[in-house]
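Numbering starts at 1 and runs along the sequence shown. Whatever order the structure lists them in is the order used to number ligands and atoms, beginning at 1.
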Amino acid sequence: MTRFAVVGAGFWAGYQLAAWSEIPGVRCVAICDPDRAKAEKLAAARNIPAVYADAAEMIDRERPEFLDIVAAVAAHGPLVRLAASKKVPVICQKPMAERLDECESLVALCRDARVPFAIHENWRWQAPLRRVKELLARGAIGTPFRCRIDMVSGFDVFANQPGLAREEKFIIADLGCHLFDLARSWFGEARSVYCRTSQVHEGIAGEDVATAVFAMGKATVTVNMAYAGTPLERDCFPETLVFLEGDRGSIEVAPGCVVRMTTKAGTEATPVPPPAYAWANPKYAVVQSSMVACHADLVRALRGGTPAETDGAENLKTMRLVFAAYESARTGEAIRI
Ligand code: 89Y
């Protein structure tokens, strides 16, 4: 039995713990949150035997085999450093940290301390998006030359995650890191990015609209994001819609998790629904179900397998795109990566 401890008892922690319960041989033995009452409540709901308000005390008392950080981004750096100082393998929610130099130093610190460090980056594990990766890998549409990735919604994300309204870096850091990581998992590394952002909501600290255009592999990849509250005829939050062109065909990820591939032979429409879990919030199902696949890859790596797809060094490449996009939006220039 692999024993782990979790830090954070907010909106996502409950679902992340439920997703861990789908992984054989893994058990959460302790939870910690500065708001002890919140941690008590989640511990009762998820049968977690021990509750703490202090992470260092929790690690010293419980000696977990890994730590899972599901706290707000500002706490990621200090908690990863704490885990490294106590030689405890650590998984951290995205985005890795608030600044690029902090991301770089966390990866270097864990590498030098020989402490496994990975990021819970689940977007690339969504069932329909994983199918696209398989189709691309076998050359089903030839060489891709253009891709549009859209995550545009009027959904009120602040209702469940009020802290997002206070983040000076909002949609690119919160959602862009997911979509940029997805694009990297399909097309490889980016050479440049041009990005524009805007803010539609009043009273929030950061940008709620962004468009980034990457040169990635042989493809031009455009990523459109919005949580502007705009009424949409067809709002399929939190689905990612995709239109991908290759020299021998095209792929669309359409609403309802349908992957439509068109070649000279015609169009094949394949429903690729997310696995169903009773604990998943129906409004977030395609995202929350991907946590299980993400966990499986993370624990496989912790148990001595090859590095996780989203280990620290890998995810640092995604974070470079996040901060390059912000730099492009700030300067109005395309940024070489
Ligand atoms: O925080 C974000 C995430 O990780 O998935 C969707 C979300 O909740 C809002 O963008």
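A donor-acceptor contact shorter than 3.5 Å is absent between the side chain of Glu239 and the backbone of Leu241.
Listed by first and then second residue, the salt bridge (charged side-chain N to carboxylate O under 4.0 Å, His left out) pairs involving residues 314-325 are Glu104-Arg320, Arg184-Glu314, Glu314-Lys317 (not counting sequence neighbours). Applying the salt bridge (charged side-chain N to carboxylate O under 4.0 Å, His left out) test to residues at least two apart or on different chains, the pairs with a partner in residues 285-310 are Arg124-Glu309, Arg130-Glu309, Asp297-Arg300.
Rounding to the nearest 0.5 angstrom, the gap separating the CZ atom in Phe187 from the CG atom in Leu244 is 4.0 Å.
Using a 4.5 Å heavy-atom threshold, the side chains of Leu17 and Ile48 count as touching.
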Identify the protein atoms, limited to N or O, that lie within less than 3.5 Å of an N or O atom of ligand 1, and list each pair with its distance to 0.1 Å.
{"unit_1": "ligand 1", "atom_1": "1 (O)", "unit_2": "Gln161", "atom_2": "NE2", "d": "3.1"}
{"unit_1": "ligand 1", "atom_1": "1 (O)", "unit_2": "Asp174", "atom_2": "OD1", "d": "2.6"}
{"unit_1": "ligand 1", "atom_1": "4 (O)", "unit_2": "Lys94", "atom_2": "NZ", "d": "3.1"}
{"unit_1": "ligand 1", "atom_1": "4 (O)", "unit_2": "His178", "atom_2": "NE2", "d": "2.8"}
{"unit_1": "ligand 1", "atom_1": "8 (O)", "unit_2": "Trp12", "atom_2": "NE1", "d": "3.4"}
{"unit_1": "ligand 1", "atom_1": "8 (O)", "unit_2": "Gln161", "atom_2": "OE1", "d": "2.6"}
{"unit_1": "ligand 1", "atom_1": "10 (O)", "unit_2": "Asp174", "atom_2": "OD2", "d": "2.6"}
{"unit_1": "ligand 1", "atom_1": "10 (O)", "unit_2": "Tyr227", "atom_2": "OH", "d": "2.6"}

Pairs of donor and acceptor atoms involving the side chains of residues 159-173, under 3.5 Å and at least two apart or interchain, shall be tabulated with distances.
{"unit_1": "Asn160", "atom_1": "ND2", "unit_2": "Tyr284", "atom_2": "OH", "d": "2.9"}

